[in-house]
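Data block below; observations after.
Values below: all heavy atoms of this structure, side chains included; hydrogens, waters and symmetry mates excluded. Worth saying up front: this structure is predicted, and the values here are computed from it rather than measured.
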Amino acid sequence: MIHYNEMYEDDQVRDPYARLREWVETMPDDFRQMKQAEAEALFRRIGITFAVYGEGGDPDRLIPFDMMPRVFEQAEWRRLERGIKQRARALNAFLRDVYGRAEIVRAGRIPARLVFQNVAYEKSVVGMVPPRGIYSHIIGIDLVRTGKNDFYVLEDNCRTPSGVSYMLENREIMMRMFPQLFRENRIEPVDQYSELLRRTLESVAPKKCQNRPTCVILTPGHFNSAYYEHSFLANLMGVELVEGQDLFVDGEFVFMRTTQGPKRVDVIYRRIDDPFLDPLCFRPDSMLGVSGLMDVYRSGGVSICSAPGAGVADDKAIYTFVPEMIRFYLGEEPLLNNVQTWTLWKDDDYRYVMENLADLVVKEVHGSGGYGMLVGPKATRDEIETFRKKIEADPGNYIAQPTLALSTCPTFVEQGIAPRHVDLRPFCLCGDRIELVPGGLTRVALREGSLVVNSSQGGGVKDTWVLSE
C-alpha cells in the first residue's frame, strides 16, 4: 500500500517543508537528543500526562512528543476550515431537529431507531432548545489524509473532545526550544484559543443571566484521564475549576461555593458524561454531578456546554449519515468526505464485513480512545476470530471501514528521521459564531507501520503549523 508522504512530491521537498529540511539536516544527533530530553523534562515539569487504565502500575503517563512539526499551507487549511464549519453547522442542526420535530427522521433520511433507541439520546431534554440553538459547543473533528488533496473525516466528537491542551502546549514548547524556527517561518498563532473558548461560552449564557456570565469548568476530579486539560483551560480562561460538590442548586439557579459566600453560575463547561450530571435525572449513584441541575437547565437558569444529549450526533452509526445531514439541513454538498463505512445492522454489509475481516478496521459504535476495535491487517488469526464472535453476538454494535493508506509525516526516531502515520483533530467552537484556530492536534503513530495514533495505544503528538500567506 502506497502512503502519501506530506513532506515530498515527486521526490522533491514540498514548499511548506523546505526550510524544515535544512533545519533537520544540519541538526547534530547529540543536539537533537538533548532537545528531545529537554522537551520531555518540560512536559513532566508542567504536568502534561494522560491516564491509561487496566495495565497496572502508575496510570499517569508522559505523552510522547515529536519535535518535527506537521505543516499545512494556507490554502490547504482554508479548505479544511470551510469543511469543518459546514459539518459543525449540520451537526447542530441535526441535534436541534431530533430533539424537536425530527424532520430528518420523518423524511426517511435516517432510521428512527438509530436516533431514538440510541443510548446517547436523552429523552429528558426533548422539546427544549438551548441558547442560540447550539447543542454542541466544542466539536473535535478527526481528519485523515490519503493524498495531496484527499482528506476524510474519520469521526466527529460532539460531547467533550479532549486534546486541545496538547495543541497549545506543543506550540509553547516548540517556541521555547526553537525560537529561530518561528522567526524564519510565518506561522499562524493558536494561543487565542482560550479567548475564543471563553467568548463562545459567554455567548450562550441563559436568558436569565443579567450581567457578564460567570463560567466554570466542571471536572470529575484529579483521577480523570484529562484532568490536566481541565485545570489548564480553567487557568487560561481565568474561570473556576469545580467539582460537583462545589456547586449546588437553590431555587431557579446554580451556585458555586466560594470563600466569599455563594456565587451564581451561568455557564457550565462540563467535562463529565451525561449519566453523571444530575443524580436526580440520570444515574442516582453519581457522586460527580449536581442534584437538581437538570431542572435549572430546563428552566433556563444555566447553560451546559456541550448540552446534555449532544452525544447522539457523534455515534459512529450516525456518522455515516452526516453527509445526508449537510444536504438536508444546509442544501449543500459536503466539502469533506466521510470514510466509506459498512454498518453491520444491514444484512449485506454484515456479510461483506464477516467475509473480509482480515482487510478491514472494525469499531464499536460507542468505542473511543482506540479501544474496542480490530485493525484486520495488523491482527492475528486468533484476534480476528475472537472479534468475529463479538460481532456475531451484537452486529448493530459495530461499523467497519477500509484500511486507509494514511499519510505520513517525517518524525524523529532513534535512527534519525522516518515517516510515521498521522491524523488531525481541529477544535471547532460554536456559539454566536463558528470559529477555530488555524491548526489542531496532530497525533502520530510512533510505532513503525502502526495506524493507531491514540496516546493510550502508543501514539504521540506533534505541533501543527499553518503557514501565513
#### Entry: Lys/Arg-Asp/Glu bridge criterion (N-O < 4.0 Å) met for Arg70, Asp463
no
### Query
When you check the side-chain N and O atoms of Asn92 and Arg87, is any donor under 3.5 Å from an acceptor?
no
### Query
Mind checking whether Trp465 and Phe182 have ring centres under 6.0 Å apart?
yes
### Validation row, ring centre Tyr121 to ring centre Tyr99 under 6.0 Å
yes
### Query
Atom SG in Cys409, atom NZ in Lys462: separation rounded to 0.5 Å?
5.5 Å
### Side-chain donor/acceptor of Arg171 to backbone N/O of Thr464, under 3.5 Å
yes
### Task
Could you tell me whether Lys85 and Glu435 make a salt bridge, using a distance below 4.0 angstrom between a side-chain N and a carboxylate O?
no
### Query
Counting distance only, does the side-chain N/O of Tyr17 pair as donor-acceptor with the main-chain N or O of Val71 below 3.5 Å?
yes
### Message
Under 4.0 Å between a side-chain nitrogen and a carboxylate oxygen: does that hold for Arg14 and Glu6?
### Response
no
### Message
For the residue pair Lys148 and Tyr4, would you count it as a cation-pi contact if the rule is NZ or CZ under 6.0 angstrom from the ring centre and within 45 degrees of the ring axis?
### Response
no
### Query
Do the side chain of Asp314 and the main chain of Asn157 share a donor and acceptor less than 3.5 angstrom apart?
no
Side-chain donor-acceptor contacts of residues 344-353 below 3.5 Å, not counting sequence neighbours, with atom names and distances?
from	atom 1	to	atom 2	distance (Å)
Asp348	OD1	Arg351	NH2	2.3
Asp349	OD2	Thr343	N	3.0

### Query
Would you call Arg327-Glu332 a salt bridge at under 4.0 Å N-O?
no
### Minimal non-hydrogen separation, Tyr398 against Val365, with atom names
N-CG2, 3.7 Å
